[in-house]
Amino acid sequence: MWDAVYDVIVIGAGHAGCEAALAAARMGCRTALFTINVDRIAEMSCNPAIGGVAKGTVVREIDALGGEMAKNIDETGIQFRILNRRKGPAVRAPRAQADKRAYRERMRKVIENTPNLDVIQQIVDDIVVEEGRVKGVVTHIGARYGAKAVVVTTGTFLRGKIFIGFNEFEGGRMWEPAANKLTEFYLRHGFRVGRLKTGTPVRIDGTTIDFSKMERQDGDEPPPFFSYWTEPKEVEQIPCWLTYTTPETHRIIRENLHRSPMYGECKLISGVGVRYCPSIEDKIVKFPEKERHHVFVEPEGRDTVEFYPNGTSTSLPYDVQEKIIHSIPGLENAKITRPAYAIEYDFVDPTHLYPTLETKIIKGLFNAGQINGTTGYEEAAGQGIVAGINAALYALGRDERFILGRDEAYIGVMIDDLVNKGVREPYRLFTSRAEYRLLLVR
């Protein structure tokens, strides 16, 4: 009946999936990690950074639980800083720029060399359930894999649709196929499914940037690492750069809003976007009084010329994207290497979950990451390790469950918010969500 049998199967090898699979395998479970593309394990689909306010503490909580994210960024980071040094301790936070390629290559190496853990490049189309319990999965090539527990960490891939202007096409992220059939499983079993939206900026050829028109931002010395296990060491840090939008930028956007899939007459995007990480057109519409907005120009790695203009996410047409970029000081002659786009995808109502992230409808089925309506690598990884630990406990037949309280961890705050309040927009973790934030500072 089964081509192979595992204790735990993890669907999706993003930040949630990596932590879930590693946690289950390290707890002694025979584990399989399914991914659409093995070469994109732990891919940073958007910004090339780890950490930030509240998020940086989550990374350290994952580290304390035996996870990998902190170690991975410490080994592959290219700039390390403590944010908000001049403010109170509750909002100080470590943040690091990552070498995106090195980050995913190191995480893949760790996963491939972890005992009890197999990596399988196949798309999961269905989950087998008998008498209300998970029994295994079925892939797009008809292969069947048995399991006692399944953790779903599909990111933006569930019926993902990409928008560049009025051009739209299916995709979990640019140049990768969507996972279109797994949503049918959730609907068939009575789960509430909705649509959310996120996006990403263009990428720019760094050899065409005029850095003399920008403010340089260097890392801290000595570098503030994330992991409790990282020994002090020297790192060759790479600077980031700060520039701003201009009145010309804002004029270009306002004059082309009718060509936006969000604001145009042909409104194609129905999903709710990230309030705290808005597109550039969202900023211009919602904050018309602002004369300029920050643009952080961030390197994508040591061995690439690509830069990430943080703050310019957009779904406007490509010709408008070029005009926007060329209106920003230092980017007048910049060449775009990859276009910006918006992506809309399915999520499953997280109030269907227990605090263990197991579903209330099906025993042995766990959801983690963006499928629960969150946004951000760190939020996903925090859920992933909790789901992986609990999936392992379930598969091993142990009675205990692993639950973090709001007074114990930011991960506990996030999961409590999700399972009790649900989401109406992509959830992002902030210190203001935590009543015990002064106690949770790491």
Side-chain angles (χ1 to χ4, degrees), residues 1-12 16-17 19-21 23-25 27-34 120 122-140 142-155 157-159 179-194 346-374 383-404 415-416 418-423:
M1 180 181 180
W2 303 111
D3 293 281
V5 177
Y6 293 91
D7 295 315
V8 176
I9 283 176
V10 179
I11 302 172
E19 296 294 351
M27 289 177 67
C29 291
R30 190 180 179 212
T31 305
L33 177 61
F34 283 78
I120 301 173
Q122 292 181 44
I123 300 173
V124 174
D125 278 351
D126 200 5
I127 299 172
V128 181
V129 176
E130 294 178 8
E131 299 179 350
R133 292 178 181 272
V134 159
K135 291 297 180 181
V137 303
V138 181
T139 73
H140 71 301
R144 298 169 63 85
Y145 296 87
K148 298 173 184 176
V150 172
V151 183
V152 182
T153 69
T154 46
F157 281 74
L158 284 185
R159 292 199 298 195
N180 287 326
K181 293 190 177 180
L182 206 52
T183 293
E184 297 171 11
F185 161 80
Y186 282 100
L187 293 171
R188 190 167 68 245
H189 286 275
F191 290 87
R192 292 180 295 276
V193 176
D346 289 341
F347 79 102
V348 178
D349 186 346
T351 61
H352 284 302
L353 304 174
Y354 293 113
T356 59
L357 298 181
E358 183 184 19
T359 69
K360 298 173 181 176
I361 295 175
I362 299 171
K363 292 184 181 299
L365 177 65
F366 298 78
N367 292 350
Q370 281 183 280
I371 191 172
N372 290 337
T374 60
Q383 293 170 69
I385 195 167
V386 171
I389 291 169
N390 282 301
L393 291 170
Y394 178 91
L396 293 170
R398 291 164 61 174
D399 292 333
E400 67 262 43
R401 297 292 179 261
F402 179 68
I403 298 173
L404 290 168
I415 292 176
D416 186 69
L418 291 172
V419 303
N420 287 305
K421 300 176 183 177
V423 297

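Starting from 1, each residue takes its place in the sequence as its number. Note that the coordinates shown come from a computational prediction; the quantities given were computed from them, not determined experimentally.
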Open item on the list: Tell me whether the count of non-hydrogen atoms from other residues, nucleotides or ligands lying under 6.0 Å of NZ in Lys421 goes above 12.
Closed with: no

Open item on the list: Suppose we screen for ring pair (Phe, Tyr, Trp, His ring centres under 6.0 Å). Which residues come up paired with Phe34, at least two apart in sequence or across chains?
Closed with: Tyr145

Task: Residues forming a salt bridge (charged side-chain N to carboxylate O under 4.0 Å, His left out) with Arg401, sequence neighbours excluded - done: none

- [ ] Under the salt bridge (Lys or Arg N to Asp or Glu O under 4.0 Å) rule, what do Asp7 and Lys148 come out as? Steps first, then yes or no, please.
- [x] CA-CA 5 Å; Asp7 295 315; Lys148 298 173 184 176; 3.6 Å; yes

Task: Side-chain touch Leu182/Val124, heavy atoms, less than 4.5 angstrom - done: yes

Task: Side chain proximity check, Val193 to Asp349, heavy atoms < 4.5 angstrom - done: no

TODO: List for me each residue that meets side-chain hydrogen bond (donor to acceptor under 3.5 Å, both in side chains) alongside Thr139, sequence neighbours excluded, and say none if there are none.
DONE: Gln122

Task: side-chain hydrogen bond (donor to acceptor under 3.5 Å, both in side chains) involving Glu19 - partner list, sequence neighbours excluded - done: none

Open item on the list: Tell me every residue that passes side-chain hydrogen bond (donor to acceptor under 3.5 Å, both in side chains) with Asp346, counting only those two or more places apart in sequence or in another chain.
Closed with: Arg159, Thr183, Arg195

Task: His189: ring pair (Phe, Tyr, Trp, His ring centres under 6.0 Å) partners, not counting sequence neighbours - done: Phe185

Open item on the list: If the condition is side-chain hydrogen bond (donor to acceptor under 3.5 Å, both in side chains), which residues does Asp416 pass it with, not counting sequence neighbours?
Closed with: Arg406, Asn420

Open item on the list: Once side chain to side chain donor-acceptor pair (under 3.5 Å) is applied, what residue pairs with a partner in residues 125-137 remain, sequence neighbours excluded?
Closed with: Asp126-Arg188, Arg133-Tyr394

Open item on the list: Among residues at least two apart in sequence or on other chains, which ones pass ring pair (Phe, Tyr, Trp, His ring centres under 6.0 Å) with Phe157?
Closed with: none

Task: Residues in side chain to side chain contact (heavy atoms under 4.5 Å, CB included) contact with Ala147, at least two apart in sequence or another chain - done: Ile9, Val150

Open item on the list: Could you tell me if the side chain of Phe402 sits less than 4.5 Å from the side chain of Val386, heavy atoms only?
Closed with: yes

Distance-only donor-acceptor pairs under 3.5 Å for side chains of residues 365-373, two or more places apart:
{"residue": "Asn367", "atom": "OD1", "partner": "Tyr186", "partner atom": "OH", "Å": "2.8"}
{"residue": "Gln370", "atom": "NE2", "partner": "Tyr345", "partner atom": "OH", "Å": "3.4"}
{"residue": "Asn372", "atom": "ND2", "partner": "Asn367", "partner atom": "O", "Å": "3.0"}
{"residue": "Asn372", "atom": "ND2", "partner": "Gln383", "partner atom": "OE1", "Å": "2.9"}

Task: Heavy-atom pair of closest approach, residues Ala395 and Val8 - done: CB-CG2, 3.9 Å

Task: Residue list, salt bridge (charged side-chain N to carboxylate O under 4.0 Å, His left out) with Lys363, at least two apart or on another chain - done: none

